[in-house]
Amino acid sequence: MLGIATLGMGHLSVISSNPILGIFQKSLVITLIPGLIPSVAVGSLWIGALVNAIFYFGVVWAISSLWRRFRRKQANGKTSLDYPLG
């Protein structure tokens, strides 16, 4: 999804006067920065879209694997959410 949003970067660069939409647009542009750096270097937004897609796939994969590991430890009784400090 963020890979595709990189292609619409021209429309996102004009921040809306509506404060809620403006915050959403600023947040979206910040998430697109990892792909914009190589796209500026190469000169193609398609490269930026590809970099963003690969980058955020890796981020989601890492978070989901950590979540699965935590849930597995919780199922084995090694962690407790009721008493996180002891």
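When a residue number appears, it is its place in the shown sequence, counting from 1.
- Atom CD1 of Ile33 sits about 11.0 Å away from atom CZ of Phe55, to the nearest 0.5 Å.
- Thr31 places none of its side-chain heavy atoms less than 4.5 Å from the side chain of Ser27.
- The shortest heavy-atom contact between Pro38 and Pro34 is CD-O, 3.1 Å.
- In the displayed structure, Leu66 atom CG is contacted under 6.0 Å by more than 12 heavy atoms of other residues, nucleotides or ligands.
- Val51 and Val42 end up in the same hydrophobic cluster when Ile, Leu, Val, Met, Phe, Trp and Tyr side chains are linked at under 4.5 Å.
- With rounding to the nearest 0.5 angstrom, the CG atom of Leu28 is 4.5 Å from the CG atom of Leu32.
- Contact detail for Gly35 and Asn52: the closest heavy-atom pair is N-OD1, 2.9 Å.
- Cluster annotation: Tyr56 is connected to Ile63 through the hydrophobic network of ILVMFWY side chains, with a link wherever side-chain heavy atoms come within less than 4.5 Å.
- Annotation: the span from Ile23 atom CD1 to Asn18 atom CG amounts to 9.0 Å, rounded to 0.5 Å.
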